[in-house]
Protein chains: 2
Amino acid sequence: MDKNLKRMATMHRMQVTGLELFYKNGYYNTSIDDILKSLSLSKGAFYYHFQSKEDFFVSIVQNLVVRKVYSLLIEPIEGKENPVLAIEKCFENALETAEHNEMDFGFILSNFISEFNGKNTVISNYLMDIYKVWEVNLISILQKGKSDGYLDRHIDSEGVATYLISSFMGVRTLMVKGNCRNLRYKYMQQLRHYFKSIAQKEVA
Amino acid sequence: MDKNLKRMATMHRMQVTGLELFYKNGYYNTSIDDILKSLSLSKGAFYYHFQSKEDFFVSIVQNLVVRKVYSLLIEPIEGKENPVLAIEKCFENALETAEHNEMDFGFILSNFISEFNGKNTVISNYLMDIYKVWEVNLISILQKGKSDGYLDRHIDSEGVATYLISSFMGVRTLMVKGNCRNLRYKYMQQLRHYFKSIAQKEVA
DNA sequence: TTTTTTACCGACTAAGTGGTCGGTAAAAAT
DNA sequence: ATTTTTACCGACCACTTAGTCGGTAAAAAA
């Protein structure tokens with residue numbers, strides 16, 4: 001473990017820069033040379049640490065993307081009392097991050113899912129796995145929300161989760177043109193409308 | 001006009017095949033040679049009709065994509081009495097088309113918007129123009145829906161349009177993995193929930 | 001001290017890439 | 001009948017791509 005420190009450090013640097021460029025320019029539109037140039041490293045270094053461009057990308061997904069999705073989209077809602085408030089807060093946060101044009105990993109996910117669809121099943125599968133983890137966690141907090149009386153017992157948790165993820169991914173796609181602040185505001189307003197429609201109906 | 005028939009026919013064939021391949025493999029991952037091979041045409045034919053790969057793509061957007069977005073996403077809701085029902089029907093239709101894996105131009109739009117974001121501003125602008133036309137038309141039918149008493153007068157039509165387009169684009173991104181039928185069903189169910197929350201409140 | 005392993009270098013290759021250009025057969029214009 | 005234009009061919013060019021490979025300086029192991 002100790003002796004691997006340098007190895008790990010270099011690999012990590014490559015992965016971070018790789019994700020940055022892949023995210024910015026797309027996988028097929030980013031060459032390994034681009035990444036190496038911006039790190040002042042050589043081809044030899046790359047193929048010493050990774051077997052291929054695909055292997056490299058998979059390692060980025062498994063090391064960086066998975067963890068970020070967890071910390072930004074899953075952990076913030078896990079174990080919270082009120083799922084509606086938790087999800088609202090979490091989405092608003094993520095969209096705000098996106099505004100200051102740091103990487104928002106919900107979008108990175110949908111972005112790459114689009115790019116690899118039909119072109120690379122191996123990578124597509126890794127990406128869909130992350131999506132599924134996100135979905136499962138949303139579903140379980142929604143279920144708990146039903147038991148705890150925050151959500152109408154008749155709603156379909158899976159449907160709600162799908163709808164939430166869809167709208168989030170969609171609004172992020174739209175945010176690529178400017179006007180992010182306004183888009184976020186409008187989106188959050190309608191999200192609250194939607195939540196109202198699936199909230200626990202007050203007993204009259 | 002008559003003498004241009006052959007010219008037009010060849011250009012159209014190229015555009016149709018081009019869109020098919022660009023949609024399937026992405027713009028940067030589809031070479032002109034790929035398109036020409038599948039048409040048994042030569043480089044000379046291509047550069048006789050189009051100036052460049054970019055010029056070619058723009059012509060596809062302006063000829064094929066614009067028209068399809070109109071006929072599939074705008075005309076079906078234009079002038080309808082009840083905007084809620086019209087939009088529901090229109091979206092359901094588009095998602096069903098997508099299931100039988102024909103091209104769904106709402107998705108094509110979001111797909112290409114993602115791909116060209118930050119890479120090619122010229123093309124990005126053409127794509128955003130189409131999105132804006134779609135948005136404007138949704139807004140105007142929602143406004144009319146308010147006047148006609150189908151929608152709560154307090155809702156923000158722009159916000160609703162944004163939210164509708166977002167969720168649609170998002171669910172289409174998710175539909176790339178199988179299970180489309182189920183996704184569509186869940187999506188439409190939640191869309192109806194949402195519509196309930198912005199419908200005209202009955203006077204008590 | 002000698003040997004081996006680690007982490008990296010950079011020239012090279014084969015297969016594309018978008019784009020150019022001289023040519024040409026058939027149709028249209030003269 | 002002759003000329004010109006149209007619509008296309010395909011060899012070719014400069015360049016980029018992912019991936020290979022022989023080499024090497026420094027560190028670790030022996």
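Proteins come first, then strands; the chains are lettered A, B, ... in the order of their sequence lines, and each starts at number 1.
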**OP:** Could you check whether the rings of Y194(A) and Y163(A) sit parallel, tilted or perpendicular, using 30° and 60° as the cut-offs?
**Re:** tilted

Original post:
Any chance the side chains of Y187(A) and S166(B) put a donor and an acceptor closer than 3.5 Å?
Top reply: no

Original post:
Taking the six-membered ring of Y27(B), is NZ or CZ of K53(B) closer than 6.0 Å to its centre and within 45° of its axis?
Top reply: yes

**OP:** Examine dT20(C): is either OP1 or OP2 under 4.0 Å from a nitrogen or oxygen in the side chain of Y47(B)? Give yes or no.
**Re:** no

Subject >> NZ/NE/NH1/NH2 to OD/OE distance under 4.0 Å, R172(B) and D104(B) >> reply: yes

**OP:** Round to a whole Å and report the spacing from CZ of F50(B) to P of dA7(D).
**Re:** 12 Å

Original post:
F91(B) vs F168(B) aromatic rings, parallel, tilted or perpendicular, using cut-offs 30° and 60°?
Top reply: tilted

**OP:** Take the angle between the ring planes of F57(B) and F22(B) and call it parallel below 30°, perpendicular above 60°, tilted in between.
**Re:** perpendicular

**OP:** Within residues 23-38 of chain A, find the residues that approach DNA chain C with a heavy atom at under 4.0 Å, and present them sorted by residue number.
**Re:** none

Original post:
Which atom names give the shortest non-hydrogen contact between D156(B) and Q190(A), and what distance separates them?
Top reply: O-NE2, 4.0 Å

Original post:
Could you state the NZ-C1' distance from K53(A) to dT16(D), rounded to the nearest angstrom?
Top reply: 12 Å

Original post:
Looking at K146(A) and D152(A), does any basic side-chain N land under 4.0 Å from a carboxylate oxygen?
Top reply: no

**OP:** Mark up nucleotides 8-15 of chain D, 5' to 3', with B wherever a protein heavy atom is under 4.0 angstrom from a base atom, S wherever such an atom reaches only the sugar-phosphate, and - elsewhere.
**Re:** BBBB----

Original post:
Which whole-number value in Å describes the distance from F57(A) CZ to dA18(D) C1'?
Top reply: 16 Å

